[in-house]
Each structure stands twice: as C-alpha cells, then as structure tokens.
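Quick notes on the structure that follows.
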Amino acid sequence: MLANPSGVRSTACYAQPSHFAFSGRCKLLSSFPNRPRFLSPKKTSKFCSLSLLLSRDGVRCNRFAVKALAEPEVSESVAAAAGGAGAGGSGLLPPVSVKIPFGDREILIETGHIGRQASGSVMATDGETIVYTSVCLSDVPSEPSDFFPLSVTYQERFSAAGRTSGGFFKREGKTKDNEVLICRMIDRPLRPTMLKGFYHETQLLSWVLSYDGLHCPDALAVTAAGIAVALSEVPHSEAIAGVRVGLLGDKFVVNPTTKEMEDSTLDLFLAGTDNAILMIEGYCDFLPEEKLLEAVQVGQGAVREICSAVKALVMKCGKPKMLDAIRLPPPELYRLVEKIAGDELHNVLQIKSKIPRRKAISLLEEKVINRLTDKGYISIEGLSGSGETIQDLIDEEDEDEEIVVDGEVDEGDVHIKPGSRKSTPLFTEVDVKLVFKEVSSKILRRRIVEGGKRSDGRSPEDIRPITSSCGLLPRAHGSALFTRGETQSLAVVTLGDKQMAQKLDNLANVEEFKRFYLQYSFPPSSVGEVGRMGAPSRREIGHGTLAERALEPILPTEDAFPYTIRVESTITESNGSSSMASVCGGCLALQDAGVPLKCSIAGIAMGLVLDTHEFGGDGTPLILSDITGAEDASGDMDFKVAGNEDGITAFQMDIKVEGITLPVMREALLQARDGRRRILAEMMKCSPPPAKSLSKYAPLIHIMKVAPEKVNMIIGSGGKKVKSIIEETGVEAIDTQDDGIVKITAKDLSSLEKSKSIISSLTMVPTVGDIYRNCEIKSIVPYGVFVEIAPGREGLCHISELTSDWLAKAEDAFKVGERVDVKLIEVNDKGQLRLSRRALLPVPETSPEDPSSKQLTGNPDVVVIADSGKASDEGAPQKYVSVPKAEGLAEEKIDRAKVKSSATKVATSSKSNSAETTLLPRKKVFKRVKKSGSKAVTGVSSNDGE
C-alpha cells in the first residue's frame, strides 16, 4: 500500500496507474464482490477496474502497461476526515453513544471516545461490566493463503474487579483457559463473514476493564467484537452479535445474570447475523432436542434485534470497506484446474484410507502446480483450450534468434552466447493451491450428492466401524481405547483427593476448584505428520472443554464419590471427530476406573452440504453423520452433539457458510440422536469390558464427620498435629472442612484404619467419670504428668492426684512410658482434660484409734454412696457423706452448703481436694433418719431438696 498524504486510509486503489509495470507475460485479472448490504451507496467508493493490455506482438516484451479505466473516487466521510486533517483538525469521526437491546435490558455502545487511531473501536457497557474492543489491520497485505489472517486476543484484567494478579511480577501473564475459550467464541462466528481474498492481517483485541460480578463479559465481548468489525474498514458480509440463553424452570432467559445461571439447566451461547445462525455452543442436563431448538429460536430473535441496531449505527458512523484490496484467483483458473485434474481427482477421492489418499492428492496438486506455473498458459486463447503454452511460444522465438558462430565475431564486438529463457507464469503457486483445494472440495461434494456415496463408501447416515477395549494400562486407575474408523482416542483416568483438584483463578475473587477435568492432546503423529510439541493449543483447550462438559452431567456427587477425577484423552489417530471420540473413550475409561456413572453417553459429529442444486441435487440440504476430516474441511457445517439415547449434554456447531436455518438444524439434531444410539450400542460390545470397580492402585478415601469445634484439634498448632498423624500412619493426605467433614486418603487399608482411630480419639467427647486403663505417660512436668488416654488425646494428672500420699516430684515415682489407670474428673472450657490416678486407688485401712474412723464407721447415720449415684458397689471408688440427725421428720431437705460443710474426707484423699470430691451435685443421696417411736426409715433427697 502506498502512503496517503492525508493520513487517512483510502478505499480507492492504492497504486497510481502511471507507475505500474509488471514483468513477465501475464495478465492481471481482478474481481470485486458486492458491497455489504448494510452500507449505503454514499459510504462506498467506486472502484477502479484494472486490465492488462496484451497483444501478440507484445510477447517478446517483459513489461506491460496498466491502464486505469476509472479514476478512484473517495467517499464523503473519508474526504471530510481528510479535509479536517488538512485544515488542522483531528481528522477523526465524532464520538457516538447509543443504547441497543441486549435481552431484557439495554447495553451502552460507545465509539470514537477511546482508541480513535484504531480502524474500529467500541466500548460496551452492561451494568457495571465494561468491555473494550479494538480492530486494526496491517497496511501491507500478507501472502495469500486459504484462511483469513485474523487473530483474536481476549483478556480479563484483575483490575476490573479491584484485584492484583498474584506472583512476583504482579501483572497478567499466560492466557487462562477461560480466556482462550472466549477467544474462540469471538473468532468462530466472525471468520465465516470475512470476504475471501482479503489478506491484510487483522487483529482484534478485547479487554474486560470493569466487572461487577453479575453481568457476564463473554456475550458482551462477542457483540462488541462484531460491532467493532462492522465499524472498521475490514470487508465482511454481515454484522454479528452473541447472546447467552438460560433455562429457569420452563422459561428461557436471554443473557441471564451469574446468579440466575446458578439455577439454570441450560447454558447456550449463540452467535449469528440477523437472518442466520453462525455458531452455537452449550451444555445442558439431558435436554431434549425440541427444547434445545426452542432455546436456539429465542436466542436468534435476540441476535436479530441487536444486529438491526448495529446496522443503524454503522450507517451513522461506519467506515468504508476496503473492497478494492481483495485479491481473488482468476476465474479462468478454476476451469483450467478442473480440466487438468478433474478426472484424476475424482478417482483419487475414492481412496478409502486417509494417508494414501492424502499422498495421492499431494502428488496431483504438485503436478497441477508445475504445469500451471513453469509451463503456464499466458493468453485467453490458451486458457480457453488452444493448448498453446509458454514453451511453445519460446520455441517460436528461438527460431528467429540469430546464432553467432564462434570465430565470426568482429573485433570489438562482445560475443554473448544465447542462453535458455525462463517463462514467467500467469498464475502464482498460491493461487493454484487455493483453486485446487476448492476444486477438490467441489468434486467431493458432487460425488456425495450425485452418487450418494462418500469417500469411504458410506451413505450419508452410516457410522464408521467402532471397536473399543478397556484395561489396557495395568497401573492406571482406568483406561480405554476407542476407535471409530481412522479416529482413535486413548483415554486414561486418574483418581485422587482434593489436593489433585484444579484451582481456577477468576475475576469474581472466589476460590474455585474443579474436581473433574478432561485434558485433550492432539500430537502431530496422530495425522502422520511432524510438528511442534509444547503448550496446549487453543484448539486442544476447546476440544477438551467440550468433552469435559459433555461427561460432567453423568458423574456422581462428591458425597457419593469423594474423588477428584482427571481424564486424559490422547488422540493417537485422527480422521475427523476426535473430540467426540474423547467423549466415548472417556466414558468407558471412567467406568473402568470404578466411577459410578449415572449412564453412558456418546458423541457424534455431523456435516452438511447446504446447496445441493449446484451438484445436481434437488436443493434439499444433505446431512452427513460421523464426518471424516475431508468432509469437515469441504463441508458447510461441523456440528458436534453428545448425550445419551434421550437427551443432550453438550453441543457445538460451527458454520462455514453464511448460516443455517432452524429446520436444517432440527434435521441435524434428529439424525445425530439416531447416530448416538447406534454408537452406544457398539460401546456395549467393548472387549474386554470396563472393570466397574476401583483399581487396587487407586487411593482409598474415607469420610468422617466430627463436631465442627473439634476440627482444630485435628489440625493442631500450625498444622503440627495433622502432619504428625500423616507421618505416623503413612496416609497420603487428611483434608478437613469447617463443617466437620474429614477426608482421609490412603494407599492401603491398614494406614487408613490407623489414622481413622487416631482422629476418632482426638475428636471424641469424653465424660466426667470415665475410667481409662493401661494409659501411657507421655511426659513429666513439675506439676504432674501428661497421660495419653487415647491415640493423640492427652490429659493432665496433677501431682496431687497421682498418689494418696504426699509426693514432692512426679519423677520420683513415675517414668515416661509407664502405664497407669486414670479417671477423668474434669473437662474445662478449653476442652482440656484433668485426670486422677488417686481416685482409682483402694481405700486404705484405718486404725481403731482414729477418731475420724470411729465417726465414719460408728455413726449409724452415714451411708456410702458410689459415684454413679447408687449405693456403693464393691470395688468402685466411694465417697462418704455424713448426714445430721433430724428428729420427727421422715425426710429432710439437704442444703448444698450444709452437705459441703458436714462432709468428711474421702478415704482416698489427703488434702484440699477432699471438699471437691465430697460434693454430690445433681445426684441422689440416700439418708437414714430417725423418727420418734418408730424405727429408722430410708428416704431419698435430690439436690433441689425434693
């Protein structure tokens, strides 16, 4: 492109006619498609038509003149902008802000405020969620290729949610998987609308600048991208928009909020134009086909409203399209390639095996390239079938050459020996490749429509042969090999605990973990090629997510199956529909790993030949089941559907033409359902079948429920306790939750039971009065000893509670590791235990001279009461209570203070703790009272005196 002095990119031809000169005997042909229907004539410039004037006499000349038949006319908007720039103005379009419908609400679209040097820029606002999108294109076109040079980048900036990225650099880095998926959702509907022959590299950048946590930015980003492209100079056919459709109960909601999506049974994303669907992708819980079609119809209506508003905006401030930059191969080249290679292509495309067919097509393509470049035609007559080639013309020229014989050269002359002349081809190699590919596609489509047979001999509804087997990898937790025709997936399942879960970083600043994820890998060896191996590509991430979301509805809940599940799908062979092979292989591998699935599901890819009139058909679209790679590349649709016999769990449709209608989509869905049923029937024949039980190499997970306040006792200070349990028992992990759920992961049953016993002991609720036998002394301190009453549970036995005699130091009578019997006498507010050994010692015998002994043994009003509240049993620790006499009363209330003041020392106590042990709180006391004139009777009094 030549520089424009005004600084504004012109829509006219970039070359000055008088400066053009081409080398070689060729003719330049150009054609321009019609302008987009939503552009007004005033916005579109008149384009110059170029022609090379070539005569028979000009064959010997290597330079041809180019004549412009029409002078370029600059559109009004560009002229005004250029005039403004020349007059000292900015030369930029004025800012525009409009509101357009977006489901049940409106969004704000602003252009001309930010990014004014870009070809197109848009700021889209939904609530407090703001997405900025810009479109730029290079000044110089790149080399022609068979794909539009479009790159899309989408980024969710943490500052949009008031956060900062973690890590050392504190800035956004590698593109996250969610961002990659949204990039694909932007790219896929835009690409079919781009006009062929435009080779200026185009870059679309999209940033989330603000996020309110309520309005999702993905649908907003797709719509903003469609508007930015429509306002830019990039030539395309139609404006696009994207919406999300949810299902709340029986009501479809367009662009639901994040809270509404939590209760939705459908997640459908749809993009298209005002009259056709370009892309759908979504996930649901076994939704019937008819219900899905209703959702698509609702979404298409919302897209139509958006596109109508976008057209009005483009008419107001859109830039003229660079239609003059489109470079298409000469139309004559299509006829010529078909004439040279048509018959051979028809035979080659009947080869059933992919590799031999690919090699044969490659050889034929090389043959056509050599013939049309090195020995190419240079005239219309030659193109029309005269057969006169450049080599023929060179031979004619050689006849007129004057050959100078050696020795006949005059003195002073320079003898130039004539050499061979190399012809200049009419067609470039790139043009020939592009045309050859299109011709191959047309021949393949014509064979399917006319003959009713595909490359491998199948009818449109047939499924390729299917074989499957499980248990290939003995050490893996689950494995399966699924083969459908020349497409093969090796699926491997790994089970683990929560530590194996995938952590997701999102704008909502909510810690999110995925307990199930599928990772898809497509090595170059799967298609017999050599290629780069590295980080997963965008295609691999997209295919893996589709298969993952397809399998997710059949998984058990975390309570029923507390494992983290990872599925790896490695494509070992590929000839179409590898993502759906991952669904089938992943389902079998999950069953082989012992995961209790709700049902089995399968996936299938559907193709389409939309216009059959061109190939001798009646015009009815032709639906193809289980398409191959060649049918995917040559067809008009790639529609992947996964589910069981009755419902759909995941779907993805990409359209390569300007869209399809709902009737065509309905037919494709019904044909896909029949295909899924046949595939599921073949999966039932898997040999060897899935094990449907946990592998002996899979970890064991045990779930315990403890009191929530006891969780800290398992963790310990700084996690010391839980680490010691893991080291002592040999388990892999112990995961605790605030609600009291404890998950123990172990490799064997013995370590699992051991850790389970320790945790049970740590979290048990002890009762005062419990007796623990043969307990080990763990440590000795100046004020007593710590005794382990259960694994991991210790209590303090004070020095005064060790023996009935006075003890100066605990180590004088006890050693670490010694075992004793203790009784629990107190549990304080912190849950600490107070133990007593003395309470279990036998009562010492007293001498007759001891007055207290006389009082205890001789007083007829003293009754021995056991700790349990019943009369003393033999061998149980006992308390002695002195009850005063009361004359004339059958029963007497005993005040708690009086009992305390009148209580005697317990036979096994020696010091200050006697008063504490003589109290009988909330226990019944048997007493004996005397009544005048009658014998003693026994009454019962509780602590409240009743």
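Please read these numbers as outputs of a predicted model, since none were measured by experiment. In what follows, every heavy atom counts, from backbone to side chain, and hydrogens, waters and symmetry copies are set aside.
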Charged N-O contact under 4.0 Å between [X] and [Y]:
| X | Y | result |
| --- | --- | --- |
| E344 | K367 | yes |
| R358 | E529 | yes |
| D636 | R445 | yes |

Checking the side chain of [X] only, and the main-chain atoms of [Y] only, is there a donor and an acceptor separated by less than 3.5 Å?
| X | Y | value |
| --- | --- | --- |
| R357 | K352 | yes |
| K640 | A605 | no |
| R454 | S459 | yes |

Option passing side-chain hydrogen bond (donor to acceptor under 3.5 Å, both in side chains) with Y520 (candidates S578, S569, S489, S537):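 Exactly one option meets the side-chain hydrogen bond (donor to acceptor under 3.5 Å, both in side chains) with Y520, and it is S578.
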Between L364 and L345, does a side-chain contact (heavy atoms from CB on, under 4.5 Å) hold up when you go through it step by step? CA-CA 8 Å; L364 182 58; L345 264 176; 3.6 Å; yes
Please give me the minimum heavy-atom distance between [X] and [Y], naming the atom from each residue.
| X | Y | result |
| --- | --- | --- |
| R484 | C584 | NH1-SG, 4.4 Å |
| E631 | T628 | OE1-N, 3.0 Å |
| S577 | T487 | O-CG2, 4.0 Å |
| P235 | M322 | CG-O, 4.0 Å |
| H236 | M194 | CB-SD, 4.0 Å |

I'd like to know if the side chain of [X] pairs up with that of [Y] as donor and acceptor (distance under 3.5 Å, no hydrogens or angles considered).
| X | Y | answer |
| --- | --- | --- |
| S142 | E201 | no |
| E233 | S119 | yes |
| Q671 | S625 | yes |

Is it true that, when you exclude D343 itself, more than 12 heavy atoms of the residues, nucleotides or ligands shown sit nearer than 6.0 Å to its CG?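 No, because the 6.0 Å sphere around CG of D343 holds 12 heavy atoms or fewer from other groups.
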Taking the six-membered ring of F198, is NZ or CZ of R327 closer than 6.0 Å to its centre and within 45° of its axis?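 Judged by the rule (NZ or CZ under 6.0 Å from the ring centre, within 45° of its axis), R327 is not positioned above F198.
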